[in-house]
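These notes are about the structure you will find just below.
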Amino acid sequence: MAAPLTLLLIVAVTIRAVLFRSSLAELIPERVEVVSPLNAWKRVVEGLALLDLGVSPYAGDVFHETPLIIYFFHFVIDYAEIVFMVMGCVFLLQFRKQKYALEAERYPLDCLELIRTPKEMYYIPLKVAMFYLLNPFTILSCVAKSTCGLNNAVIALFILCTVKGSSLMSAIFLALATYQSIYPLTLFAPALLYLLQRLYIPVNWQRSSFWLFTTQYTFMYLGSLCVMVCLSFFLLSSWDFLSSVYGFILSVPDLTPNIGLFWYFFAEMFEHFRLFFICVFQINVFFYTIPLSIKLKEHPIFLIFMQIAIISIFKSYPTVGDIALYMAFLPAWNHLYRFLRNIFLVSVVLLACSALFPVLWHLWIYAGSANSNFYYAITLLFNVAQILLVSDYFYAYLRREHHLTHGLYLKRKDGSEATLVLK
Amino acid sequence: MAAHRCNIFMLVFVLCGLTYVFVRADIEDTNHVKDAESVAVDIAPKANIGASLRSTKTEDQTQAAEEERQWEAETNPADAPSDNKADHVHDTMQNLDSRPAPYAKDQTQEAAEEERQWEATEVKEADRVPDTMQTPDVPPLTPAKDQFQEELVIRPLHSGDIYASFQFRTMWDTDFLRGSKVSHYRLFPKSLGQVISKFSVRELHISFTQGYWRTMQWGQPFLPSPPGAELWVWFQDTVTDVDGAWKELTNVLSGIFCASLNFIDSTNTVQPSASFKPLGLGNVTDQRFLRYAVLPREIVCTENLTPWKKLLPCGSKAGLAVLMKSEKLFHSSFHSQALHFRPVCQDWKCKSTVWELRQTLNVVFDLHTSGQGKREWSLFKMFSRTVTEACPLASSSKVYVDVTDNPQGELFELSPTTPLLSQAVVLGDRRTYSVYDLTNQATFGQTRSLNMLLRWRAAESGDMLRPLLHGERYVAGYGLQTGEIHTLMYNNHPYRAFPVLLLDTVPWYLRLYIHTLTVTSKGRDNKPSYIHYQPSKDRLRPHLLEMLVQLPPNSVTEVTMQFERALLKWTEYTPDPNHGFYVGSSVISALVPSVVAMDTNSTRECPLFSSFFPCKEESSYFMRVYTEPLLVNLPTPDFSMPYNVICLTCTVVAVGYGSLYNLLTRTFQVEEPSPGLAKRLANIIRRLRGVPLL
C-alpha cells in the first residue's frame with residue numbers, strides 16, 4: 001500500500017513541477033475556469049502589494065480572501081501551494097477504512113455481492129488519492145496557484161477528523177472551512193450525524209444525550225468560528241473584511257465569467273429582480289441540507305459527498321478545483337456502478353464541455369467570432385451534466401439501500417421479475 | 001428616475017432650441033455686415049503692406065536702441081502656483097524698474113503712458129507684489145473694484161496652424177462668505193455668482209475641450225485641458241457635506257453650461273492628494289474639500305459656447321467676443337473653452353481678496369486646409385468678423401500677436417503694424433508680442449475696424465523647440481480579458497532631471513493590479529518616491545493613482561500597469577457598447593526647468609553678467625500635461641437575451657431541484673402492472689353496482 005502511494009505522490013509532484021516550469025504556468029492562472037475572483041493567486045499578490053503600500057487590502061474590490069490567508073501567505077513562499085495540495089490528499093486517503101466494515105452483518109444473505117470485499121476496500125484510499133492527485137482539474141487548479149486547493153485541504157482535514165471521531169478537531173476544521181467560504185456551513189449536519197452515529201447516540205429528540213452532544217458540538221464549532229473572525233479583526237483592526245469576503249460571496253457583484261450559473265444570469269438580470277434572484281440562488285445552495293439530512297441520516301459520509309457536490313455546482317464562484325474535490329469521492333462509491341443509469345452520457349458531456357470551455361472562450365474573447373452566449377451555453381451544459389451525475393449517484397445509493405434490505409432479485413406477487421420504480 | 005431623465009432631456013432640448021435661434025440670428029446679422037466688411041478687407045492689405053514695409057525699415061534702423069521700444073514685461077499668472085508667481089513677478093518688476101526710463105517717441109507717447117499704467121495696475125491687482133514703482137499716476141483705489149479685461153493672443157504655430165487664445169477676466173469685489181447676501185451684480189455674471197455663493201465654492205475650474213492638443217507639433221498651450229469636460233472644485237472649509245454639495249453643484253453647472261456634467265457621480269470623482277492644489281489665495285490643502293472629475297466622452301459644441309459667452313459682461317455684442325462665431329470656432333482642429341474662478345489679492349498689500357473669474361477660449365485653426373494652399377491668415381479669415389471696438393466695460397482690451405520667431409520680419413509680415421511690443425516669459429520661454437490696444441481709437445485706423453493680416457514669406461517656419469515635457473498613453477495587449485496601460489513621459493531636457501507628478505484615474509471596470517506597476521526609464525527600474533493609490537470599489541469609485549517620479553534628463557519614462565476588463569451588467573453598458581469605454585487622460589504636473597535657462601550657448605545678445613547662472617524667474621515653471629484619453633473595449637453580454645438567459649438558467653436550477661426532489665420524496669417500490677382501460681372501466685361499473693371487483 002505504501003509503495004504505490006509513494007509512487008503516486010512522486011508522479012503527481014513531478015507533473016506539477018514540470019507544469020510550473022513550462023510556459024503553461026503563465027497561461028493557466030489567467031483561465032477563468034481555473035481561478036475565480038475569490039481565489040485567484042494574482043489577487044492574493046495584489047492584496048499583499050496593497051498591504052505593503054499601507055492601503056487596506058479590503059479598501060478596493062480586488063482582494064476577497066480572508067485576513068488569515070494574507071498573513072499566512074506573508075510567511076509562505078509560492079511553492080508551498082503544492083505541498084498543501086499533497087497534504088490535503090494524503091489526509092484524504094485514510095478515512096474510509098473503518099466505515100464499510102460495519103455494514104456487512106446486518107443485511108440479507110443474497111445481497112452479499114453488493115457488499116464490498118475487504119480487498120476492494122483496501123484499494124479505495126489509493127483510488128481516491130489517484131482520482132484527486134491525477135485529476136486534470138486539480139492539476140490545473142494547483143498550477144494556477146488557486147487558493148481553492150487550500151480550501152479543499154481544509155475540507156479534507158475536516159472529513160478526516162470527523163471520520164476519526166475527533167469532534168473538537170472536526171469542529172475546528174469545519175469552522176475554518178466556513179470561515180474561508182461560507183458554504184461549508186452545510187457540512188455541519190452530516191458531521192454531527194456521523195459523530196452521533198459513532199458514539200451510538202440515536203437521533204432522537206427526547207434523548208438528553210442527543211441534545212447534550214449537539215450543543216457541545218455546536219459550541220465547539222461556533223466558538224472556533226468566533227475566534228477566527230475575532231482574530232481577523234485584530235489582525236486588521238477593522239470589520240471591512242466581512243463585507244469584502246462574505247458580502248462578495250453572497251451578493252455576487254463581480255460578473256467575471258466562470259463555469260457556474262451565476263455570472264451570465266446576473267449580468268442579464270433585470271435590476272428590480274436582482275435581489276430576489278440572488279436570494280433564491282443562494283438559498284438554493286443551503287436549502288437541500290435539511291431534506292438530505294433527513295433522508296440520509298443513516299449515511300452521513302454520503303451526505304457529505306452530496307453536500308460538497310451541491311455546493312460546488314450552485315456556489316457563486318465555482319472553479320474546477322471545487323469539482324475535483326467531490327469527484328475524488330467517486331471511487332469510494334464504486335460499488336454503486338451497477339445502479340448508475342447514465343454515467344456514460346454524463347462523463348462524455350463533462351469531457352466534451354471541458355474541452356469546449358477554452359475553445360469557446362477563445363472565440364468570444366480573442367477571435368471575436370462568437371459571443372458570450374456560446375460560452376454560456378457550455379456552462380449550462382456542464383452544470384446539467386454535473387447535476388445528472390450527482391443525482392445519478394444519489395439514485396444509485398438509494399437503490400442499493402433498497403436492495404440491501406429487500407434483496408437483490410425482487411419478485412412480483414405473481415413470481416415474475418419485478419422492476420423498481422420511484423413512487 | 002425615468003421622469004427625471006426625461007426632464008433633463010426636455011431642458012437640454014429647449015436650451016438647444018434657444019441656442020439655435022440665437023445662432024441663426026447671429027448668422028443673419030453677419031450677412032448684413034459682410035458686404036461692408038469685405039470691401040474693407042480688400043482695401044486693407046494694400047495700405048497695410050506699405051505701412052508694414054516702412055515700419056520694418058525703421059525697425060531695422062533703430063533695432064539696437066532698445067529704449068525706443070515699449071517693453072512690456074508680463075508674466076503668465078494662470079499656470080504658476082501662487083508662491084512662485086509672486087517671485088517671478090517681483091523680479092520682473094525689478095527688472096523693469098532698473099531699466100532706464102523709456103524715451104517715448106512723440107507719436108506713441110500717449111499709448112506708452114497708458115501701457116505703463118495698465119501694466120502697473122494689472123500686476124498690482126493680480127498678484128501680491130510689492131510695487132516698487134509707486135508712480136503718482138496710479139489711480140486711487142475705488143471701493144467697488146469690479147473690473148473687466150479682455151485679450152486675445154494669436155500665435156502662429158510651427159506646423160502652419162494658428163493658435164488663438166481669448167482670455168477674459170472679471171474681478172468681483174464682494175464678500176459672499178460672511179453670510180452677507182449679494183444681490184447687486186455689476187460685471188460678474190449673476191447666474192454663476194449665485195451658484196458659487198450658494199455652494200461655498202472657493203475655487204472652480206471647468207473646461208470643455210473638443211480635440212486633442214498636439215504638444216509635439218504645437219508646443220505648450222497657455223492653459224492645458226484634457227479632451228472632454230474637466231471640472232475641479234475646492235470648497236470652503238466650512239462645507240460639511242462636501243459630497244452633497246458637489247453633486248448638487250455638478251447638476252447646476254450642467255444646467256448652466258448645457259453639458260452632461262450631471263453624469264459626474266462617485267464613480268468618476270476623485271480627490272487627488274497632490275496634483276491639484278488651489279491656484280488662488282488661501283492655504284487650504286486638505287484634499288477633503290477638493291473634488292476632481294473628467295468626462296472624456298463629452299462632446300463640446302455650440303450649445304456649450306452660447307451660455308459661456310453669456311457670462312461675459314458685454315456678451316458677444318462688443319469687444320473681442322464678437323469674434324466668437326461658433327460656426328468658425330468649431331470648424332477647427334482644437335477647441336477648448338474654460339472658466340476659472342479663484343480668490344486673488346485685491347491690492348499689493350493683499351489685505352483683502354477679490355474673486356477672479358477668468359474665461360478662456362483656445363482655438364487652433366488649421367489654415368492649411370481652409371486657406372486654399374496659401375499660408376496667410378487674417379482675423380476675418382479665422383473668425384469671419386473683424387474687431388471694431390473694445391468692450392465698453394473693459395478696462396483693458398488688447399490683441400497680442402506672437403512675433404518671437406520673426407524679429408526681423410523675414411518669416412512673415414504682419415499688417416497693420418503696431419509700435420507696441422511686449423515681452424513676457426510664458427511657460428519658461430521668453431516671447432515677444434506685438435500689441436494692439438483696442439481702447440485706443442488709433443488702432444482701428446481709417447476703416448474703423450481692425451483686421452490683422454499675417455502673410456508668410458518663408459515656406460519653412462524654422463525649427464520648433466521641442467517641448468521639455470510630453471506625455472503619451474496607450475493600451476497594449478489583445479483580447480477582451482486583460483490589458484496593459486502604458487504611459488510614456490518624455491523629458492527632453494538635455495541635462496536636467498526633474499520630478500513629475502502623475503495622476504491616473506481609471507474607472508472601476510478596468511481592474512488595475514498595482515503589483516504589476518513598473519516604472520522604467522532608460523531601461524532601468526525607476527522607483528517612484530511617492531505613491532498614493534486608492535483602489536476602486538465596484539460601481540462606487542474609480543482607481544486613483546498618484547505618484548512622484550523623477551524623470552532623468554533626455555529620457556523616456558514608461559509606466560505600465562496591467563488591468564482586467566470586467567463584464568458589466570447589461571444595463572451598465574453605454575448605448576453603443578462596442579464603441580468602447582473612455583478612460584480619462586492622465587495628468588502630468590511638473591515644475592519644469594525653463595527653456596531659457598537651458599539655452600547655454602545662447603546666440604541671443606544679452607549682457608554677459610546675466611547669462612552665467614540661470615536667473616530665478618526663468619529657472620523653472622509649473623506645467624501640466626494631459627495625455628490622450630483611452631478607449632477600451634469590454635466584453636459584452638448579448639443584449640437581446642435577458643429573457644432567454646433567465647429562462648435557461650432557471651431551467652437548469654429546476655433540473656437540479658427536480659431530480660433531488662424526486663429522489664427525496666419518493667421511495668422505491670416494485671412496479672405493479674397497471675390494469676388495462678377496459679378492466680378499469682369495468683371495475684368502476686362494478687363498484688357502482690356494488691359487486692366485487694375483478
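None of these values were measured; they are calculated from a predicted model.
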If you count heavy-atom pairs under 4.5 Å with chain B, which of [options] comes out on top?
{"options": "E268(A), E30(A), E271(A)", "result": "E268(A)"}
{"options": "V45(A), N371(A), L296(A), V32(A)", "result": "V45(A)"}
{"options": "A377(A), P291(A), A367(A)", "result": "P291(A)"}
{"options": "W364(A), F314(A), Y375(A)", "result": "W364(A)"}
{"options": "I294(A), N373(A), T256(A)", "result": "N373(A)"}
{"options": "A49(A), P253(A), A267(A), S391(A)", "result": "A267(A)"}

- For the pair F248(A) and H64(A), name the ring-plane relationship: parallel under 30°, tilted 30 to 60°, perpendicular over 60°.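 Answer is parallel, since the angle falls under 30°.
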
With a 4.5 angstrom heavy-atom cut-off, which part of [X] approaches chain B: side chain, backbone, both or neither?
{"X": "L261(A)", "answer": "both"}
{"X": "Y288(A)", "answer": "side chain"}
{"X": "R274(A)", "answer": "side chain"}
{"X": "F281(A)", "answer": "side chain"}
{"X": "I310(A)", "answer": "side chain"}
{"X": "M306(A)", "answer": "side chain"}
{"X": "V55(A)", "answer": "side chain"}

Heavy-atom pair count under 4.5 Å with chain A, highest-scoring of [options]:
{"options": "L660(B), T665(B), V655(B), L540(B)", "value": "L660(B)"}
{"options": "R511(B), H515(B), Q481(B)", "value": "H515(B)"}
{"options": "R541(B), H532(B), Q534(B)", "value": "R541(B)"}
{"options": "N662(B), D538(B), T636(B)", "value": "D538(B)"}
{"options": "I531(B), V653(B), N633(B), T571(B)", "value": "V653(B)"}

Please confirm whether the ring centroid of Y317(A) lies under 6.0 Å from the ring centroid of F262(A).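 No.
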
Item to check | Derivation and outcome, ring-ring contact (aromatic ring centres under 6.0 Å, His included), residues W570(B) and F270(A) | outcome: CA-CA 9 Å; W570(B) 71 303; F270(A) 298 104; 5.6 Å; yes

**Asked** Does D254(A) come within less than 4.0 Å of R43(A), counting only side-chain N to carboxylate O?
**Response**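 Salt bridge between D254(A) and R43(A), a charged N being under 4.0 Å from a carboxylate O: yes.
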
Salt bridge K295(A)-E401(A), side-chain N to carboxylate O under 4.0 Å: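 Not counted as a salt bridge, because no side-chain N and carboxylate O are separated by less than 4.0 Å.
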
Side chain, backbone, both or neither: which part of [X] has a non-hydrogen atom closer than 4.5 Å to chain A?
{"X": "Y657(B)", "result": "both"}
{"X": "E564(B)", "result": "side chain"}
{"X": "R565(B)", "result": "neither"}
{"X": "L517(B)", "result": "neither"}
{"X": "E572(B)", "result": "neither"}

Taking [atom1] in [X] as the centre, count heavy atoms belonging to other residues, nucleotides or ligands within less than 6.0 Å. Is the count above 12?
{"X": "R288(B)", "atom1": "CZ", "value": "no"}
{"X": "K297(A)", "atom1": "NZ", "value": "no"}
{"X": "Y661(B)", "atom1": "OH", "value": "no"}
{"X": "K537(B)", "atom1": "NZ", "value": "yes"}

Side-chain heavy atoms of [X] within contact of [Y], under 4.5 Å:
{"X": "F276(B)", "Y": "Q287(B)", "value": "no"}
{"X": "L255(A)", "Y": "L568(B)", "value": "no"}
{"X": "M489(B)", "Y": "V559(B)", "value": "yes"}

**Prompt:** Going from CG on L303(A) to OG on S293(A), what distance comes out if it is rounded to the nearest 0.5 angstrom?
**Reply:**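 One gets 5.0 Å once the value is rounded to the nearest 0.5 Å.
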
- Contacts of type ring pair (Phe, Tyr, Trp, His ring centres under 6.0 Å), residue F277(A), not counting sequence neighbours: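 Here the qualifying residues are F265(A).
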
Problem - Sole candidate of V475(B), V506(B), T482(B) that passes side chain to side chain contact (heavy atoms under 4.5 Å, CB included) when paired with F563(B) - result: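 Looking at V475(B), V506(B), T482(B), the match for F563(B) under the side chain to side chain contact (heavy atoms under 4.5 Å, CB included) is V475(B).
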
**Asked** Should the pair K42(A) and Y513(B) be classed as cation-pi, given the thresholds of under 6.0 Å to the six-membered ring centre and 45° from the axis?
**Response**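 Pair K42(A)/Y513(B) counts as cation-pi.
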
Cation over ring face, R341(A) and Y395(A), 6.0 Å, 45°: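 So R341(A) does make the cation-pi contact.
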
Using atom types as modelled and distance alone, determine if a side-chain donor or acceptor of T516(B) lies under 3.5 Å from a backbone N or O of Q562(B).
->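 Yes, because the side chain of T516(B) sits within donor-acceptor range (under 3.5 Å) of the backbone of Q562(B).
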
Any donor and acceptor pair, going by atom type alone, linking the side chain of S372(A) with main-chain N or O of D638(B) inside 3.5 Å?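 Yes, the answer is positive, given that a donor and an acceptor are paired below the 3.5 Å cut-off.
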
What are the two closest non-hydrogen atoms of R473(B) and D504(B), and how far apart are they?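 That closest heavy-atom pairing would be NH1-OD1, 2.7 Å.
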
Counting a contact as any heavy-atom pair under 4.5 Å apart, which residues of residues 378-388 of chain A contact chain B?
->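 Interface residues of residues 378-388 of chain A: L380(A), N383(A), V384(A), I387(A).
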
Next item on the list: Select all residues of residues 264-273 of chain B having any heavy atom within less than 4.5 Å of some heavy atom of chain A, and report them by number, or 'none'.
Entry: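 Under the 4.5 Å heavy-atom cut-off, nothing qualifies.
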
Got a list of side-chain donor-acceptor pairs under 3.5 Å for residues 643-652 of chain B, not counting sequence neighbours?
unit_1  : atom_1 : unit_2  : atom_2 : d
T649(B) : OG1    : Y376(A) : OH     : 2.6
T649(B) : OG1    : V645(B) : O      : 2.9
T651(B) : OG1    : C647(B) : O      : 2.5

